[in-house]
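The basis for the numbers below is simple: all heavy atoms, side chains too, and nothing from hydrogens, waters or symmetry mates.
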Amino acid sequence: MENYNQTSTDFILLGLFPPSRIGLLFFILIVLIFLMALFGNLSMIILILLDTHLHTPMYFLLSQLSLMDLNYISTIVPKMASNYLSGNKSISFIGCGVQSFFFLTLAGGEGLLLASMAYDRYVAICFPLHYAIRMSKRLCVLMIMGSWIMGSINSCAHTAYILHIPYCQSRAINHFFCDVPAMVNLACMDTWVYEYTVFVSTTLYLMFPFIGIACSYGRVLHAICRMQSTEGRRKAYSTCSTHLTVVTFYYAPFVYTYLRPRSLRSPTEDKILAVFYTILTPMLNPIIYSLRNKEVIGALIRLIQRIQSVKM
């Protein structure tokens, strides 16, 4: 068995893939998912930027979700792939801090942004006549700025802590990225106070937004049942189901991982769950919002027609 104890300040990421053919197959699959996420999210950003029909609060928020997902998956997968291909599993002390900072910023920001998107759908369906007033450009910008700023503040606090705690001789992180709970396990000190702050942060950035989303969609479903138009009900159900799919894939494994006590946590289980909110969700978001959305498909068709007309 390899000895990962070392005297340098570098950390060792034990990774996600076993050194076998199955590991290689999983690695290829993750790389394909990564490329799909890059293409899908970048396409969504460009499409929303270029098509004036999509210049509404809903798609403005969606473009920010794509931007977050684009950065989110790029924070994790390239380093993981580089380590796997080179066989060098090390990551510098500063590099680990930088990766952790961006991961926590984007994770917290996306949790708050999804709650903002739920509020947008709540207002659109329950108060359609007041939508333009309640979801003004100013409020939309404040929601987006608040998501980024609050995510950054939370991330700064956690990253500063993990960069200043003393670590034991072993610096082998049993994960595929610098996840804070996995790093805290290597600390040479009692970290129960910090684990409590992780619980509080998870509650504020994940549990409360999730409760808000559940309440808003409860009101939305009640409003949908009272709709007279069959087409209106169908469109509302379609829009809500896409958002709820994203919410389930993102919040459920995140909350389950971070709210469990250390005694009940398993490194293998944590890594498998992390795949959902770090890799699968950024890939699924643009697929769900594009393939099940007639406005996005219409915008894509218009863009293709414009490109063809320019060529002719």
Side-chain angles (χ1 to χ4, degrees), residues 9 11-14 16 68 72 75-76 91 93-116 118 146-215 247-279 281:
T9 58
F11 287 102
I12 297 294
L13 293 173
L14 298 186
L16 179 64
M68 283 187 176
Y72 199 7
T75 300
I76 306 296
I91 182 171
F93 182 78
I94 297 299
C96 201
V98 170
Q99 186 184 61
S100 179
F101 171 78
F102 281 107
F103 165 72
L104 291 172
T105 297
L106 295 162
E110 183 159 331
L112 297 175
L113 186 66
L114 287 171
S116 299
S147 298
W148 283 100
I149 293 171
M150 293 298 291
S152 299
I153 292 172
N154 176 65
S155 180
C156 282
H158 288 288
T159 305
Y161 179 84
I162 64 169
L163 290 180
H164 287 88
I165 60 175
Y167 290 97
C168 299
Q169 185 179 2
S170 175
R171 288 176 172 260
I173 302 172
N174 195 359
H175 218 298
F176 57 89
F177 68 98
C178 293
D179 191 29
V180 170
M183 296 175 69
V184 169
N185 288 336
L186 307 178
C188 294
M189 59 178 287
D190 189 357
T191 59
W192 73 270
V193 175
Y194 177 69
E195 289 175 30
Y196 178 75
T197 65
V198 171
F199 178 86
V200 172
S201 291
T202 304
T203 302
L204 291 174
Y205 285 83
L206 295 174
M207 279 300 294
F208 283 172
F210 180 76
I211 292 171
I213 290 171
C215 291
V247 166
T248 302
F249 267 88
Y250 186 75
Y251 284 100
F254 224 139
V255 170
Y256 180 72
T257 298
Y258 278 75
L259 290 187
R260 279 181 301 162
R262 184 193 290 191
S263 58
L264 299 179
R265 299 184 65 172
S266 162
T268 301
E269 192 177 44
D270 284 354
K271 286 191 282 188
I272 293 172
L273 289 172
V275 170
F276 282 91
Y277 55 80
T278 60
I279 299 173
T281 300

**Q.** From Thr278 atom OG1 to Ile76 atom CD1, the distance as rounded to the nearest 0.5 Å
**A.** 6.0 Å

**Q.** Pairs touching residues 99-114 that satisfy side chain to side chain donor-acceptor pair (under 3.5 Å), sequence neighbours left out
**A.** Thr105-Ser155

Q | Partner residues of Tyr161 under the side-chain hydrogen bond (donor to acceptor under 3.5 Å, both in side chains) criterion, sequence neighbours left out | A | none

Q | Parallel, tilted or perpendicular: ring planes of Phe210 versus Tyr251, cut at 30 and 60 degrees | A | tilted

Q. What's the spacing between Cys168 SG and Met189 CE if we round to 0.5 Å?
A. 11.0 Å

Q. Do Tyr250 side-chain atoms and Ala107 backbone N/O form a donor-acceptor pair below 3.5 Å?
A. yes

Q | Heavy-atom pair with the smallest gap, counting every atom of Phe249 and Thr281 | A | O-OG1, 3.6 Å

Q. Say you draw a straight line from CG of Leu16 to CD1 of Ile272; how long is it, rounded to the nearest 0.5 Å?
A. 8.0 Å

Q | Aromatic plane relationship, His158 with Tyr194 - under 30° parallel, 30 to 60° tilted, over 60° perpendicular | A | perpendicular

**Q.** Close side-chain approach of Tyr196 and Thr191, heavy atoms under 4.5 Å
**A.** no

Q: Would you indicate whether the side-chain heavy atoms of Phe208 and Thr203 approach each other to under 4.5 Å?
A: yes

Q) If you take all heavy atoms of Ile165 and Ala187, which pair is closest and at what distance? A) CD1-CB, 3.8 Å

**Q.** Contacts of type side-chain contact (heavy atoms from CB on, under 4.5 Å), residue Thr248, not counting sequence neighbours
**A.** none

Q | Distance in Å, Leu104 CG paired with Ile162 CD1, rounded so as to fall on 0.5 Å steps | A | 7.0 Å

Q) Looking only at heavy atoms, which two atoms of Ala172 and Leu14 are closest? And how far apart? A) CB-CD2, 4.0 Å

Q. Mind checking whether Cys178 and Ile173 have side chains closer than 4.5 Å, heavy atoms only?
A. yes

Q: Output every pair passing salt bridge (Lys or Arg N to Asp or Glu O under 4.0 Å) with a member in residues 183-211, not counting sequence neighbours, ordered by first then second residue.
A: Glu195-Arg262

Q: Can you sort out the partners of Arg260 under side-chain hydrogen bond (donor to acceptor under 3.5 Å, both in side chains), two or more places apart, ordered by chain and number?
A: Glu269, Asp270

Q. With a 4.5 Å heavy-atom cut-off, do Phe103 and Val180 have their side chains touching?
A. no

Q: Specify the closest pair of heavy atoms between Phe177 and Ala274, including all atoms of both residues, with the distance to one decimal.
A: CE2-CB, 4.1 Å

Q: Work out which heavy atom in Leu112 is nearest to a heavy atom in Gly146; give both atom names and the distance.
A: CD1-O, 4.4 Å

Q: Output all residues satisfying side-chain hydrogen bond (donor to acceptor under 3.5 Å, both in side chains) with Tyr205, sequence neighbours left out; order by chain, then residue number.
A: none

Q.
Check the orientation of Phe254 and Tyr277. Use parallel for under 30°, tilted for 30 to 60°, and perpendicular for over 60°.
A. parallel

(Q) I need the Phe101 CZ to Ile94 CD1 distance, nearest 0.5 Å. (A) 13.5 Å

(Q) Just verifying a value: how many Å separate Leu259 CG and Arg265 CZ, rounded to the nearest 0.5 Å? (A) 9.5 Å

Q) Considering all heavy atoms of both residues, which atom of Met183 and which atom of Tyr167 are nearest to each other, and what is their separation? A) O-CE2, 3.3 Å

